[in-house]
Each structure stands twice: as structure tokens, then as C-alpha cells.
J.: 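Structure incoming, see below.
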Amino acid sequence: VPAVAAAIEHLRSCPEHELPLAATRLADWPLPKSDFFHWIPVLDRFDSILEAAVAVAGLAAPQTADVGPELRDRLLAVLRISKLLFENCTNRNLYGSFEHVINLLHCSDPDVVLAALQFLFRPSQRISRPKSTKLSLEAAESRILALASATKTGSP
């Protein structure tokens, strides 16, 4: 499908600072359903962005410093587009960035944490998810419980 191919090429090659605009353009998902397999170049790029963000911002552990507006916007765009792909593609078991998304739960920015939770909610709803996805999501359980108890007590 030409529209899907054009969207893939744009997301694969656009400068990172243009990803928030791309996420806005895709918000209503104007494309037909497709296979995750076709989106692998985009998913690989997003995986690299998430991995770099986790490393640069120190998100492998709870964070107290601000990630900065540019990185924040880039992370929000990657999470929103990833969620849209997960909602509008088949063969979703190819998604391999759960570890990085789970690490985003350590971010001090509530919008990034919320976007990560909203993304993680989609695969957690799947009844017949593969074992690898199930194990990846179980890794988020302790962080989600910590966030929930911090919300009750008012501390991060």
C-alpha cells in the first residue's frame, strides 16, 4: 500500500526533532491495517532512540533530573506512534522494545510515564500473548506497583 510505504519511509528517515509532528499527523491513524513486519525499520529506529534515551537520561533507575523538552517530546512521539502501530498492525509479537519502555517508568516526567503506561496497557490486554511478551511485561510489575504506592503516599 503506497500510503503505508510512504509513512514508513518518512518515519524511518525524518530528523528526530520532526517525530513529534509525525506523531500528530498519525494521531487518527489514516492508514490501513498492516503487518508489524513492514514497520521493522521504524521499530528498529525507535528502539535505538529509546535505548539511547534510557542511557543518556539514566533511566535504568528512578530519575530525579529533568529529561529536557527535546528528549521528552521525542519520547512522547515514539511512544504514541508505537501505541498506534500496536493498535493498527497484526503480528505484534515482533515488538522488542518492552525493556526500554519499562525503563521509561523511571522517568521523573509524568507525561512520559503516562505515555509509557498507556503503551504497555495495549499488549497487557492481549489474552493470547506470546510467552516472551508476557515475561517482558512481568518485569514492569514491580515498577508499576512502586508508582501506585508512591501515588498513594504522595512521594515519587
Side-chain angles (χ1 to χ4, degrees), residues 4 7-8 11 16 19-55 57-64 66-69 71-156:
V4 172
I8 290 169
L11 290 171
E16 286 186 12
L19 287 173
L21 180 60
T24 301
R25 288 182 181 147
L26 291 173
D28 293 325
W29 196 254
L31 304 169
K33 276 206 177 267
S34 59
D35 191 309
F36 238 47
F37 177 78
H38 301 294
W39 292 88
I40 286 177
V42 173
L43 295 169
D44 286 346
R45 181 180 190 199
F46 287 179
D47 186 69
S48 296
I49 291 170
L50 292 171
E51 182 178 29
V54 167
L59 295 173
Q63 179 203 37
T64 55
D66 188 11
V67 293
L71 181 55
R72 175 188 180 276
D73 290 347
R74 195 173 314 130
L75 290 172
L76 291 174
V78 166
L79 290 167
R80 288 178 183 142
I81 295 169
S82 297
K83 181 176 175 271
L84 287 168
L85 290 173
F86 209 90
E87 292 171 342
N88 293 286
C89 290
T90 60
N91 208 9
R92 295 174 289 246
N93 61 322
L94 294 175
Y95 188 80
S97 298
F98 287 115
E99 177 184 354
H100 303 311
V101 175
I102 290 166
N103 280 331
L104 294 181
L105 297 176
H106 291 126
C107 188
S108 63
D109 187 297
D111 291 331
V112 172
V113 173
L114 180 60
L117 287 170
Q118 288 171 333
F119 171 76
L120 291 169
F121 181 69
R122 296 303 299 164
S124 71
Q125 288 180 310
R126 292 186 62 208
I127 294 170
S128 62
R129 61 183 181 256
K131 185 177 181 178
S132 62
T133 302
K134 184 177 179 182
L135 291 174
S136 295
L137 293 174
E138 286 173 356
E141 183 178 6
S142 64
R143 183 61 188 146
I144 292 170
L145 291 173
L147 285 169
S149 62
T151 302
K152 285 182 183 178
T153 63
S155 61

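All values below were derived from every heavy atom in this structure, side-chain atoms included, with hydrogens, water molecules and symmetry-related copies excluded. If you're wondering where the values come from, they're calculated on a predicted model, not measured in any experiment.
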J.: Checking the side chain of D47 only, and the main-chain atoms of L43 only, is there a donor and an acceptor separated by less than 3.5 Å?
T.: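 Flag not set: sc D47 to bb L43 has no pair under 3.5 Å.
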J.: Taking atom CZ of R72 and atom CG of D66, what is their separation to the nearest 0.5 Å?
T.: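 Rounded to the nearest 0.5 Å, the CZ-CG separation comes out at 9.0 Å.
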J.: Could you pull out the closest heavy-atom pair between V112 and L79, with the gap in Å?
T.: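 Smallest heavy-atom distance, with atoms named: O-CD1, 3.9 Å.
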J.: With a 4.5 Å heavy-atom cut-off, do V67 and C107 have their side chains touching?
T.: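 A side-chain contact exists here, since the closest heavy-atom pair is under 4.5 Å.
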J.: Would a 4.5 Å heavy-atom cut-off, applied to side chains only, mark D111 and V113 as touching?
T.: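 No, every pair of side-chain atoms sits at 4.5 Å or beyond.
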J.: Where the side chain of D28 meets the backbone of P30, is there a donor-acceptor pair that is under 3.5 Å apart?
T.: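 The answer is no, because no donor-acceptor pair under 3.5 Å joins these two groups.
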J.: Does any part of the side chain of L76, heavy atoms only, come nearer than 4.5 Å to the side chain of D109, both counted from C-beta?
T.: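 No, side chains not in contact.
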J.: Could you grab the distance from atom SG of C89 to atom CG of L94, nearest 0.5 Å is fine?
T.: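 One gets 10.0 Å once the value is rounded to the nearest 0.5 Å.
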J.: Between A60 and H106, which heavy-atom pair has the shortest distance, and what is it?
T.: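 Closest pair (atom of A60, atom of H106, distance): O-CE1, 3.4 Å.
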J.: Whether the side chain of K33 engages the backbone of E87 through a donor-acceptor N/O pair (distance < 3.5 Å, no angle test) should be reported.
T.: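 Judged by distance alone, yes, a pair lies under 3.5 Å.
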J.: Angle class for the F98/F86 ring planes (parallel below 30°, perpendicular above 60°, tilted otherwise)?
T.: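 Perpendicular: the ring planes of F98 and F86 meet at over 60°.
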J.: Just verifying a value: how many Å separate W29 CH2 and L84 CG, rounded to the nearest 0.5 Å?
T.: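 Those atoms lie 6.0 Å apart.
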J.: For N91 and N93, run side-chain contact (heavy atoms from CB on, under 4.5 Å): C-alpha distance rounded to whole Å, both residues' side-chain angles, the deciding distance at 0.1 Å, then the answer.
T.: CA-CA 5 Å; N91 208 9; N93 61 322; 2.7 Å; yes
J.: Is a side-chain N or O of D35 found less than 3.5 angstrom from the main chain of H38, in a donor-acceptor match?
T.: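 Judged by distance alone, no pair lies under 3.5 Å.
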J.: Quick check: do N88 and S34 have side-chain heavy atoms less than 4.5 Å from each other?
T.: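 Counting from C-beta outward, N88 and S34 never come under 4.5 Å.
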J.: According to side chain to side chain contact (heavy atoms under 4.5 Å, CB included), who are the partners of L114, at least two apart in sequence or on a separate chain?
T.: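 In terms of side chain to side chain contact (heavy atoms under 4.5 Å, CB included), with neighbours along the sequence ignored, L114 is linked to Q118.
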J.: Could you tell me if the side chain of L105 sits less than 4.5 Å from the side chain of L120, heavy atoms only?
T.: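 A side-chain contact under 4.5 Å exists here.
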J.: Taking the side chain from R45 and the backbone from L11, do they hold a donor-acceptor pair closer than 3.5 Å?
T.: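 The answer is yes, because a donor-acceptor pair under 3.5 Å joins these two groups.
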J.: State the OG-CD1 distance between S97 and I102, to the nearest 0.5 angstrom.
T.: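 Here the rounded value is 10.5 Å.
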J.: Which value, rounded to the nearest 0.5 Å, describes the distance between T24 atom OG1 and R80 atom CZ?
T.: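 Answer rounded to 0.5 Å: 7.5 Å.
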J.: Are Y95 and F46 an aromatic pair, judged by ring center distance below 6.0 Å?
T.: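 That pair fails the under 6.0 Å test.
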J.: Which atoms form the tightest heavy-atom contact between V4 and W39, and what is the distance?
T.: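 Taking V4 first and W39 second, the nearest heavy atoms are CG1-CZ2, 3.9 Å.
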J.: Measure the CG-CD1 distance between L31 and I8 for me, rounded to the nearest 0.5 Å.
T.: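 Taking CG in L31 and CD1 in I8, the distance rounds to 8.5 Å.
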J.: Quick check: closest heavy atoms across L59 and A53, and the distance to 0.1 Å?
T.: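 Shortest heavy-atom contact: CD1-O, 4.1 Å.
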